[in-house]
Amino acid sequence: MDRIRGEFIDIIEWTDDSRDTIVWRFPRYENEIKMGARLVVRESQAAVFVNEGRIADVFVPGTYVLETRNLPLLSTLKGWKHGFHSPFKAEVYFVNTRQFTDLKWGTQNPIMLRDPEFGMVRLRAFGGFAVQITDPAGLLRELAGTDPRFRTEEVREHLRQMIVSRLANALATANIPVLDLASRQDALGARLAGLLTHELTPVGVSVPAFFIENISLPPEVEAAVDARTRMAIAGDLDQYTRFQAANAIGEAARNPGGAGEGIGLGVGMALGQQLGQQLGRQLGRRTAAGLDQGPQPAPGAGGPPPLPSEQRAQWYVAVDGRQQGPYETAALPDLAGTGALTRATLVWRTGMPGWLPAEQVPELTQVLAAVPPPLPPQA
């Protein structure tokens with residue numbers, strides 16, 4: 001039946017029932033397309049007419065009449081010396097010129113980059129892209145050849161390898177920090193689409209769209225980023241801890257019982273310890289700055305200074321013309337040992353009429369026992 005059908009005038013057309021066919025060859029018995037065959041090219045298609053082994057023309061959408069050396073019956077009779085097979089072969093290849101948008105890509109191995117913030121990092125990426133045939137004749141010469149049904153799966157791996165190699169170079173030369181890549185994915189995609197289209201032009205293929213769906217870091221780097229994010233959100237750790245403690249106390253109050261009371265007790269103790277430590281640090285800072293020494297009398301003042309807040313003896317010492325203190329009696333031996341308290345040092349405490357040298361105060365006799373007297377005058 002194919003032999004008999006081949007003797008009639010052809011109507012050459014193609015309706016694509018697949019989503020991945022790029023090139024389809026019209027099936028004619030022994031490729032003997034007859035004189036006057038009608039060629040119908042639909043939208044999103046192009047037809048490449050190959051006559052006697054060479055590309056004769058490329059047809060855009062429309063209806064055409066083909067002229068070959070094959071005539072019905074006569075060409076078969078004249079081919080008797082070839083076993084009644086016509087030596088004049090004609091072929092029509094339909095090329096799908098629509099965009100193929102169901103193509104995916106991804107990096108099998110991580111891409112090593114040098115980041116200004118994280119140092120050396122490894123990135124993985126994946127996404128999708130679209131291809132479109134812009135030169136049907138070039139595609140037929142360079143990629144499809146005489147394949148009767150050329151599909152996207154035959155070039156998908158080749159395109160993926162090109163994409164991964166160009167992606168590594170694009171990321172390395174973009175000088176974009178890793179944390180800013182998400183905001184620059186569209187620009188990177190447009191750049192890669194242009195690079196791939198330029199390289200695929202000789203084979204008649206373009207990449208009109210390129211998408212980067214995700215760029216991910218290794219799990220350990222992501223965990224470090226998450227920890228840093230939590231610290232940034234917390235801000236002042238003391239305030240964050242108190243806030244968490246207050247929330248825990250509220251939860252314990254809403255859940256009465258042994259467990260809730262134990263949680264509330266533990267959180268309350270932790271909060272009290274933290275507040276005590278913070279108060280101690282504040283008092284230490286104020287004491288170091290001389291803000292908590294209380295009211296002190298000026299040296300040489302006529303009237304006695306105000307009573308101290310505690311009942312224990314509080315001593316004031318004049319060092320280099322400046323008042324220091326108050327000190328408890330137990331702290332005076334240390335001052336004497338450092339030389340800050342000598343026999344001639346002026347001292348004062350509550351109940352004394354005024355400042356006196358330390359050697360004239362009976363209460364300091366034992367404190368000054370280890371302090372040597374001043375050297376005698378020497379010639």
Side-chain angles (χ1 to χ4, degrees), residues 14-24 42-46 61 93-115 118 121-136 138-140 142-145 147 149-219 221-222 225-226:
W14 177 45
T15 54
D16 185 15
D17 57 354
S18 69
R19 300 297 299 171
D20 61 349
T21 303
I22 301 178
V23 179
W24 180 79
R42 290 176 169 81
E43 293 291 340
S44 76
Q45 293 180 352
Y93 291 87
F94 285 92
V95 179
N96 204 334
T97 59
R98 69 174 180 84
Q99 290 190 22
F100 293 88
T101 59
D102 56 347
L103 303 178
K104 303 294 183 181
W105 65 269
T107 56
Q108 292 183 349
N109 299 315
I111 300 174
M112 295 291 295
L113 292 177
R114 188 181 301 277
D115 185 71
F118 296 108
V121 295
R122 293 176 297 140
L123 298 179
R124 291 183 181 271
F126 63 88
F129 65 101
V131 297
Q132 189 173 21
I133 308 304
T134 56
D135 184 5
L139 176 71
L140 213 62
E142 302 295 335
L143 289 181
D147 191 344
R149 197 179 189 92
F150 185 71
R151 298 175 178 270
T152 57
E153 62 184 12
E154 300 180 49
V155 295
R156 181 184 290 112
E157 183 61 22
H158 173 65
L159 295 176
R160 190 198 66 80
Q161 293 176 355
M162 290 184 60
I163 288 171
V164 173
S165 63
R166 299 302 175 270
L167 176 66
N169 182 66
L171 290 176
T173 58
N175 294 325
I176 302 174
V178 171
L179 297 180
D180 296 335
L181 284 176
S183 62
R184 303 291 296 276
Q185 288 184 2
D186 292 341
L188 285 174
R191 180 181 177 184
L192 289 171
L195 291 174
L196 294 172
T197 298
H198 178 73
E199 294 196 10
L200 294 173
T201 297
V203 299
V205 180
S206 68
V207 181
F210 187 89
F211 307 100
I212 301 176
E213 295 183 18
N214 184 48
I215 299 178
S216 60
L217 295 166
V221 179
E222 291 182 350
V225 172
D226 292 341

Flag, side chain of Thr21 to backbone of Ser18, donor-acceptor distance under 3.5 Å: no
Check whether any side-chain heavy atom of Gln99 lies under 4.5 Å from a side-chain heavy atom of Pro208, and answer yes or no. yes
What are the two closest heavy atoms between Ala168 and Ile111, and how far apart are they? CB-CG2, 3.8 Å
Could you walk me through whether Leu200 and Thr134 pass side-chain contact (heavy atoms from CB on, under 4.5 Å), step by step? CA-CA 10 Å; Leu200 294 173; Thr134 56; over 6 Å; no
Roughly how far, to the nearest 0.5 Å, is CG of Asp115 from CG of Leu113? 8.0 Å
Sidechain N-carboxylate O distance under 4.0 Å for Arg151, Asp102: no
Closest non-hydrogen atom pair, Val95 against Pro136: CG2-CB, 3.8 Å
Which atom names give the shortest non-hydrogen contact between Ala170 and Leu188, and what distance separates them? O-CD2, 4.5 Å
Please determine whether the number of non-hydrogen atoms from other residues, nucleotides or ligands lying under 6.0 Å from atom CZ of Arg42 exceeds 12. yes
How far apart are the C-alpha atoms of Asp147 and Glu154, what are their side-chain angles, what is the distance that settles it, and do they pass the side-chain contact (heavy atoms from CB on, under 4.5 Å) test? CA-CA 11 Å; Asp147 191 344; Glu154 300 180 49; 3.1 Å; yes
Indicate yes or no for a side-chain donor-acceptor contact from Gln132 to the backbone of Thr97 under 3.5 Å, with no hydrogens or angles considered. yes
Which atom pair, heavy atoms only, marks the closest approach of Ile215 to Ala125? CG1-CB, 4.0 Å
Would you give the length of the straight line joining atom CG of Leu196 to atom CD1 of Ile163, rounded to the nearest 0.5 angstrom? 5.5 Å
Leu139 side chain near Val203 side chain, heavy-atom distance below 4.5 Å: no
Using the ring of each side chain (for Trp, its six-membered ring), is Trp14 parallel, tilted or perpendicular to Trp24, with breaks at 30° and 60°? parallel
Inter- and intrachain pairs under side chain to side chain donor-acceptor pair (under 3.5 Å), touching residues 192-211, at least two apart: Arg166-Glu199
Heavy-atom closest pair (Val23 atom, Ala144 atom, distance to 0.1 Å) is CG2-CB, 4.0 Å
Would you sort out whether Trp105 and Phe210 count as a side-chain contact (heavy atoms from CB on, under 4.5 Å), showing the intermediate values? CA-CA 10 Å; Trp105 65 269; Phe210 187 89; 3.5 Å; yes
Here the gap from Thr101 atom OG1 to Phe129 atom CZ, rounded to the nearest 0.5 Å, amounts to 11.0 Å
So Ile22 and Thr152, side-chain contact (heavy atoms from CB on, under 4.5 Å) or not? Walk me through it. CA-CA 6 Å; Ile22 301 178; Thr152 57; 3.7 Å; yes
Restricting to non-hydrogen atoms, name the atom on Ser183 and the atom on Asp180 that form the minimum distance, rounded to 0.1 Å. OG-O, 2.8 Å
Any ion pair linking Lys104 and Glu213 (charged N to carboxylate O, less than 4.0 Å)? yes
Has Arg149 got more than 12 heavy atoms of other residues, nucleotides or ligands less than 6.0 Å from its CZ? yes
Would you verify whether the NZ or CZ of Arg98 falls within 45 degrees of the ring axis of Phe100 while also being under 6.0 Å from that six-membered ring's centre? yes
Hey, are Glu157 and Arg160 close enough for a salt bridge, meaning a charged N less than 4.0 Å from a carboxylate O? yes
Should we say atom CG of Asp186 is surrounded by more than 12 heavy atoms from elsewhere, each under 6.0 Å from it? no
Nearest-0.5 Å distance that lies between atom CG in Leu123 and atom OG1 in Thr107: 8.5 Å
